[in-house]
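Encoded as structure tokens, the structure appears first; notes follow it.
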Amino acid sequence: MDLSVIIPAYNEEKTIEEVLGKISETLSSSPYSYQLIVVDDGSKDRTSDLVESFFEKTALKNGTLVRKENGGKGSAIRAGIPYANGKYTIIQDADLEYEPADIVRMMQRITADNLEVLYGSRFLNKSNKHSYRSFYWGGRLVSLATNILYCQKLTDEPTCYKLFSTSLLKSIKLNCTGFEFCPEVTAKVAKRGYKIKEIPISYKPRTISEGKKISWKDGVEALWVLLRYRFNK
């Protein structure tokens, strides 16, 4: 198995089928074998039913649905990691902000350069738009803080598209429950001495009214997590 795709989902009935369809179509036409791991984080809608229906309709052999009580994105990702059997693992949001075709490009880069970790940067693609100024500058600030604290050269630390060797990801003890997965895993990878590389990716942001769940408070928490792990184990 080449790639495991972990998809944390909470009340994503409007987009989950399309996301799964795009990922499957893209990866099925690529040279990479893959598995999809959907972690339903206590959804109150039909997310789980739609995932099960998709797996049945497509006869996807390597599709796994994990159900859990609501605990946040980080807890959902942690719940999915033990099921990852691929050589590499990537995180995929259950909305339509990211383009699955970029996963193939990231796989090509990480294997060609024999990397352990690779991030997809929304900011390196100048054609991308951003829904809110606060999110744009918040992402820039978190990236700057990461670079200063951990001697990195990242342009987009909060990106969803984080691709890891599965062995590396499984070796990291994660404590996150919410959106602080991003700064925590970045901090712990950086403290092991890895210089995180990036490639440009596409991005189509959704608005809060369309279901975007992150807020300015998550940016503040990200800065605190980066600072805390810089000086603690």
Side-chain angles (χ1 to χ4, degrees), residues 3-27 34-55 58 60 63-68 70-80 89-106 119-123 125 127-136 138-139 142 156-163 176-182 185 200-219 222:
L3 177 67
S4 299
V5 183
I6 298 177
I7 308 167
Y10 177 67
N11 292 343
E12 298 287 2
E13 65 179 8
K14 293 180 180 179
T15 58
I16 189 65
E17 285 183 299
E18 186 173 355
V19 168
L20 292 175
K22 290 184 72 173
I23 297 172
S24 296
E25 180 180 1
T26 299
L27 293 180
Y34 69 96
Q35 67 173 149
L36 302 182
I37 305 165
V38 181
V39 183
D40 185 348
D41 190 39
S43 295
K44 306 300 183 184
D45 62 7
R46 298 174 56 241
T47 295
S48 281
D49 293 339
L50 293 174
V51 172
E52 285 187 326
S53 175
F54 178 87
F55 288 162
T58 59
L60 186 66
T64 300
L65 172 62
V66 181
R67 292 186 178 89
K68 62 181 288 297
N70 182 252
K73 180 178 180 178
S75 69
I77 293 171
R78 288 194 291 116
T89 297
I90 196 168
I91 312 303
Q92 167 75 53
D93 280 347
D95 55 36
L96 299 172
E97 290 191 329
Y98 291 79
E99 174 52 61
D102 287 326
I103 296 176
V104 177
R105 294 176 51 248
M106 292 182 71
Y119 285 9
S121 172
R122 297 164 293 178
F123 297 115
N125 186 341
S127 65
N128 287 337
K129 296 181 179 179
H130 300 267
S131 54
Y132 301 97
R133 286 181 180 271
S134 58
F135 290 166
Y136 175 87
V142 170
D156 190 6
E157 190 286 322
T159 180
C160 168
Y161 272 178
K162 291 176 165 64
L163 177 61
C176 54
T177 56
F179 290 106
E180 77 275 17
F181 164 78
C182 285
V185 76
I201 59 170
S202 300
Y203 182 58
K204 297 178 181 179
R206 64 177 178 173
T207 63
I208 293 173
S209 63
E210 292 173 322
K212 195 173 186 69
K213 300 177 178 70
I214 199 167
S215 73
W216 65 269
K217 294 180 181 178
D218 297 295

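What you see below is based on every heavy atom in this structure, not just the backbone, and it leaves out hydrogens, waters and symmetry mates.
When every heavy atom of Lys68 is checked against every heavy atom of Ala76, the shortest pair comes out as CD-CA, 4.0 Å. The minimum heavy-atom distance linking Gly80 with Ile37 is given by the pair O-CD1, 3.9 Å. In terms of heavy atoms, Glu13 sits closest to Leu50 at O-CD1, 3.4 Å. Phe55 and Leu65 make their closest contact through CE1-N, 4.0 Å (heavy atoms, listed as atom of the first residue, atom of the second, distance). In this structure, Gly120 and Ile201 approach most closely via the heavy-atom pair O-CD1, 3.4 Å. Considering all non-hydrogen atoms of both residues, Thr15 and Ala94 come closest at OG1-O, 2.7 Å.
Ion pair Arg67/Glu52 flagged as a salt bridge, since at least one NZ, NE, NH1 or NH2 atom sits closer than 4.0 Å to an Asp/Glu carboxylate oxygen. Checked for salt-bridge contact, Asp93 and Lys73 meet the test: a charged N lies under 4.0 Å from a carboxylate O. A salt bridge links Glu99 with Lys22: at least one charged nitrogen is closer than 4.0 Å to a carboxylate oxygen.
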Practice task
Determine, stepwise, if the pair Leu3 / Leu163 fulfils side-chain contact (heavy atoms from CB on, under 4.5 Å).
Solution key: CA-CA 9 Å; Leu3 177 67; Leu163 177 61; 3.9 Å; yes
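A donor-acceptor pair is defined here as one N or O able to donate and one able to accept, closer than 3.5 Å; such a pair exists between the side chain of Asp156 and the backbone of Arg122. The backbone N or O of Glu12 sits nowhere less than 3.5 Å from a side-chain atom of Ser43 that would complete a donor-acceptor pair. In this structure, Thr47 contributes its side chain and Tyr10 its backbone to no donor-acceptor pair below 3.5 Å. Using a distance-only test at 3.5 Å, with no hydrogens or angles considered, no donor-acceptor pair links the side chain of Thr177 to the main chain of Gly72. Of the possible donor and acceptor atoms, none in the side chain of Glu157 sits under 3.5 Å from a partner among the backbone N and O of Val142. For the pair Asp102 (side chain) and Ser202 (backbone), a donor-acceptor distance under 3.5 Å is present.
We find the CD-CG distance between Gln92 and Leu20 to be 9.0 Å, quoted to the nearest 0.5 Å. We find the CG-CD1 distance between Asp95 and Ile7 to be 11.0 Å, quoted to the nearest 0.5 Å. A distance of 11.5 Å separates OH of Tyr98 from CD1 of Ile103, quoted to the nearest 0.5 Å. For the atom pair Phe54 CZ and Leu36 CG, the distance stands at 7.0 Å (nearest 0.5 Å). Within the model, atoms CD1 of Ile16 and NZ of Lys14 stand 14.5 Å from one another, a figure rounded to the nearest 0.5 Å. Taking CD of Glu25 as the start and CD of Glu18 as the end, the distance is 10.5 Å to the nearest 0.5 Å.
Two rings, from Tyr119 and Tyr161, have their centers 6.0 Å or more apart.
Residues Arg105 and Pro200 are in side-chain contact: their nearest non-hydrogen atoms beyond the backbone lie under 4.5 Å apart. Considering only heavy atoms from C-beta on, Val51 stays 4.5 Å or farther from Asp40 through its side chain. You'll find the side chain of Leu96 stays beyond 4.5 Å of the side chain of Lys204, heavy atoms only. Contact check for Pro100 versus Leu27: no side-chain heavy atoms found under the 4.5 Å cut-off.
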